[in-house]
Structures are given as C-alpha cells and as structure tokens.
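Quick caveat: nothing in here was measured; it's all calculated off a predicted structure. Note that the numbering runs from 1 along the sequence shown for the chain.
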Amino acid sequence: MNVLTMQGVRKSFGSLEVLKGISLTVGEGEAVSVIGPSGSGKSTLLRCATLLETMDGGSLAYGNDFAATMDAEGKSVYADKAALRRIKSRFGLVFQQFNLFPHYTVLKNVTDAPLTVQRRERGEVRELALSLLEKMGLADKADAYPCQLSGGQQQRVAIARALALRPDILFFDEPTSALDPELTGEVLKVIRDLAEEKMTMVIVTHEMAFARAVSDRVIFMDGGVIVEQGDPEQVLGDPAQERTRRFLRSYQT
C-alpha cells in the first residue's frame with residue numbers, strides 16, 4: 001500500500017517552471033531521501049505534497065484519499081475543504097527553521113495541534129507528548145520556552161510536535177540546514193531511530209552520508225525532474241547518470 005502517490009506534478013512560478021511532471025510513490029515504512037542542487041525543485045515538491053503550494057497539474061493522494069485529481073487537460077482539481085482538512089492530519093512536516101510558537105512552552109507546542117485541530121482527549125495527548133519528549137531526550141524541557149533551547153533541541157521539539165499528530169508519513173525539509181555542525185548529529189540520530197522503527201518518511205537533505213545510511217531509496221532531482229532514483233548504494237555509490245555523478249563529486253559520500 002502506497003502512503004503517498006503523486007502523479008504528473010507540475011508547478012510554475014510565473015514563467016519559471018519548477019516541477020515538470022514529477023511522479024513519486026512512497027510505500028508504508030519506507031524512508032526516501034531527496035537530494036539535488038539548490039533550485040532543483042526539492043522543497044517545492046515537498047510543499048506541494050503537504051498542501052502548502054497549489055499544484056498546476058497532476059494528482060496527489062494519501063492512501064486512497066485524493067487531495068487532488070487531474071482533469072482531462074492534466075490540471076489539478078483539489079478536493080473540498082473538509083476532505084483536505086482530513087488529509088492534512090495524515091502527514092507531519094518538519095521545517096528548516098523549527099517554526100515553534102515562541103510564547104508556548106515546549107509541552108504546549110507539542111500538544112496544541114492534537115487538542116485544537118484533531119480534538120483528541122487531553123489526558124491521552126499529554127501522555128503521548130511527554131513520552132515523545134522523553135524519546136527526544138527532552139523530558140526535562142517540557143516547561144521551557146523555545147528561546148531557552150539550542151537549535152538542535154528546538155528541532156527535536158518540532159519532530160515531537162509532528163509525531164504527536166500520529167501521521168501516516170513525516171516530511172523533513174532539510175532538517176539540519178539551520179543547525180551548527182555539532183548539533184546536526186543529535187537531530188540526524190532521532191531521524192535514524194525513526195527509520196529503524198519503520199516510520200514512513202520523505203527527507204529532503206544535503207547530508208549525503210546520512211541519506212546513504214537511513215534511506216530505503218534515494219531520489220536525485222535536478223531542473224524540476226527526477227534524474228535518477230534507486231537503492232542508496234547504487235545512486236550515491238555508482239550512479240547511472242552523468243548529472244548525478246557531477247553533483248556527487250562536490251560531496252564526500
């Protein structure tokens with residue numbers, strides 16, 4: 001069963017075509033890393049998948065739930081607001097810049113959406129939030145505010161917040177790009193642990209060694225298309241495409 005299915009996704013900003021008919025599926029329990037140069041369309045693809053951008057063309061589904069279908073001309077036709085609201089609870093998104101509410105405690109940041117959006121039972125949500133903070137190594141930070149935390153700690157709170165929604169799939173948009181190198185490792189360890197637990201994930205990353213270690217599949221994007229995808233050892237160790245080889249030459253993999 002595919003958790004995520006995107007078919008023929010197109011997106012332009014003015015005259016700039018950023019996504020040129022991309023198709024992508026992610027199976028249950030699969031960790032997929034998306035790599036590529038700046039401007040290749042990686043983050044736009046993620047923003048289309050998470051309904052932060054409106055696709056010009058193509059379809060988008062979570063399981064059998066369609067957020068958007070294609071009309072006869074291939075243009076995207078979105079579902080109604082009630083359906084989109086339901087679909088939004090099926091995924092979690094972790095941003096580059098954490099996006100925590102500065103005036104909420106750590107615990108309230110994690111519990112807010114399950115209580116106000118999903119309207120779940122307060123005691124159950126609080127118990128889950130505390131267990132997630134413990135899993136993130138932040139059990140003693142429940143009453144702290146984001147400004148009292150390091151960047152790495154803030155990003156781990158953001159991951160706990162996404163997991164508290166009990167999503168079918170988690171998206172990460174370069175989750176370590178705003179962190180100092182010494183804080184990167186602690187966030188990558190959390191994601192690695194999630195991969196071992198078979199959490200379904202799509203990770204846009206520039207950390208090649210990490211992508212190789214945690215991914216079931218690596219996708220290389222450039223110029224708004226998927227140039228190459230496959231097993232991490234193959235794509236990162238022995239890529240078939242010259243464009244992939246050229247990109248990887250600038251990294252230690």
Side-chain angles (χ1 to χ4, degrees), residues 26 30-36 38 42-47 49-52 88-115 117 125-126 128-215 218 251:
V26 181
E30 191 178 21
V32 177
S33 287
V34 184
I35 63 170
S38 296
K42 307 184 300 294
S43 290
T44 301
L45 181 67
L46 229 61
R47 291 178 65 82
T50 55
L51 304 173
L52 293 173
K88 281 179 181 176
S89 72
R90 299 190 65 164
F91 59 79
L93 174 60
V94 179
F95 299 89
Q96 296 178 28
Q97 300 290 345
F98 327 135
N99 287 24
L100 300 177
F101 294 114
H103 55 296
Y104 286 178
T105 64
V106 164
L107 184 61
K108 187 166 171 55
N109 264 286
V110 177
T111 60
D112 186 59
L115 291 174
V117 179
V125 169
R126 179 183 167 85
L128 174 61
L130 290 172
S131 72
L132 286 170
L133 290 174
E134 186 171 348
K135 183 176 183 174
M136 299 293 147
L138 298 168
D140 60 336
K141 301 294 185 185
D143 297 323
Y145 288 86
C147 65
Q148 298 171 304
L149 305 179
S150 71
Q153 289 171 328
Q154 289 187 59
Q155 191 61 295
R156 283 182 282 154
V157 173
I159 295 170
R161 179 179 61 181
L163 287 169
L165 294 167
R166 298 186 304 205
D168 298 334
I169 182 170
L170 263 187
F171 294 94
F172 294 88
D173 188 6
E174 299 204 3
T176 61
S177 66
L179 299 177
D180 295 333
E182 67 267 24
L183 299 176
T184 294
E186 63 190 48
V187 172
L188 295 183
K189 181 188 181 304
V190 166
I191 302 172
R192 190 176 288 115
D193 290 346
L194 291 172
E196 286 176 6
E197 294 166 15
K198 289 298 176 188
M199 179 76 207
T200 309
M201 296 186 288
V202 176
I203 309 155
V204 170
T205 185
H206 57 271
E207 302 277 349
M208 297 300 135
F210 170 72
R212 193 173 199 153
V214 305
S215 308
V218 170
Y251 285 92

Donor-acceptor pairs under 3.5 angstrom involving side-chain atoms of residues 133-142: please list them, not counting sequence neighbours.
{"residue": "Lys135", "atom": "NZ", "partner": "Glu197", "partner atom": "OE1", "Å": "2.8"}
{"residue": "Lys135", "atom": "NZ", "partner": "Glu197", "partner atom": "OE2", "Å": "3.4"}

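By the 6.0 Å contact criterion, CD on Gln148 is enclosed, its count of non-hydrogen atoms from other residues, nucleotides or ligands being greater than 12.
With sequence neighbours left out, Tyr104 forms a ring pair (Phe, Tyr, Trp, His ring centres under 6.0 Å) with Phe101. Evaluation of the side-chain hydrogen bond (donor to acceptor under 3.5 Å, both in side chains) rule for Ser33 yields Ser215 as partners, not counting sequence neighbours. Considering only residues two or more places apart in sequence or on other chains, Glu196 meets the salt bridge (charged side-chain N to carboxylate O under 4.0 Å, His left out) condition with none of them. Not a single side-chain hydrogen bond (donor to acceptor under 3.5 Å, both in side chains) links Asp112 to another residue, sequence neighbours left out. Ser177 pairs by the side-chain contact (heavy atoms from CB on, under 4.5 Å) definition with Gln96, Glu174, His206, not counting sequence neighbours. Taking Arg47 as the reference, Glu53 meet the side-chain hydrogen bond (donor to acceptor under 3.5 Å, both in side chains) condition, with sequence neighbours excluded. Partners of Ser150 under the side-chain contact (heavy atoms from CB on, under 4.5 Å) rule, at least two apart in sequence or in another chain, are Gln153, Leu183, Glu186. When the side-chain contact (heavy atoms from CB on, under 4.5 Å) test is applied to Pro146, the partners found at least two apart in sequence or on another chain are Leu100, Asn109, Gln154. When the side-chain hydrogen bond (donor to acceptor under 3.5 Å, both in side chains) test is applied to Arg192, no partner is found at least two apart in sequence or on another chain. Glu207 is linked by a salt bridge (charged side-chain N to carboxylate O under 4.0 Å, His left out) to nothing, counting only residues two or more places apart in sequence or in another chain.
Of the residues Asp143, Thr111, Leu149, the one that meets the side chain to side chain contact (heavy atoms under 4.5 Å, CB included) test with Val106 is Leu149.
In this structure, CZ on Arg156 lies 11.5 Å from CD1 on Ile191, to the nearest 0.5 angstrom. Atoms CG and CG, from Leu93 and Leu46 in turn, are 6.0 Å apart once rounded to the nearest 0.5 Å.
No donor-acceptor pair closer than 3.5 Å links the side chain of Lys42 to the backbone N or O of Ile35.
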>> I'd like to know whether Lys88 forms a side-chain contact (heavy atoms from CB on, under 4.5 Å) with Val117, so could you lay out the CA-CA distance, the side-chain angles of the two residues, the decisive distance to 0.1 Å, and finally the verdict.
In response: CA-CA 10 Å; Lys88 281 179 181 176; Val117 179; over 6 Å; no

> Should Met199 and Leu170 be marked as a side-chain contact (heavy atoms from CB on, under 4.5 Å) after you check the CA-CA gap, both sets of side-chain angles, and the distance that decides it?
Replying inline: CA-CA 8 Å; Met199 179 76 207; Leu170 263 187; 3.9 Å; yes

>> As a quick check of understanding, evaluate side-chain contact (heavy atoms from CB on, under 4.5 Å) for Phe171 and Met201, giving each step before the final call.
In response: CA-CA 6 Å; Phe171 294 94; Met201 296 186 288; over 6 Å; no

>> Applying side-chain contact (heavy atoms from CB on, under 4.5 Å) to Leu52 and Phe95, what does each step give before you reach the verdict?
In response: CA-CA 12 Å; Leu52 293 173; Phe95 299 89; 4.0 Å; yes

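Here the closest non-hydrogen pair linking Pro175 and Val204 is CD-O, 3.6 Å. Of all the heavy atoms in Ala129 and Leu107, the pair that sits closest is CB-CD1, 3.8 Å. Closest approach of Phe210 to Thr205, counting heavy atoms only: CD2-OG1, 4.2 Å.
Applying the side-chain hydrogen bond (donor to acceptor under 3.5 Å, both in side chains) rule to pairs touching residues 159-173 yields Ser43-Asp173, Arg90-Asp168, Glu124-Arg166, sequence neighbours excluded.
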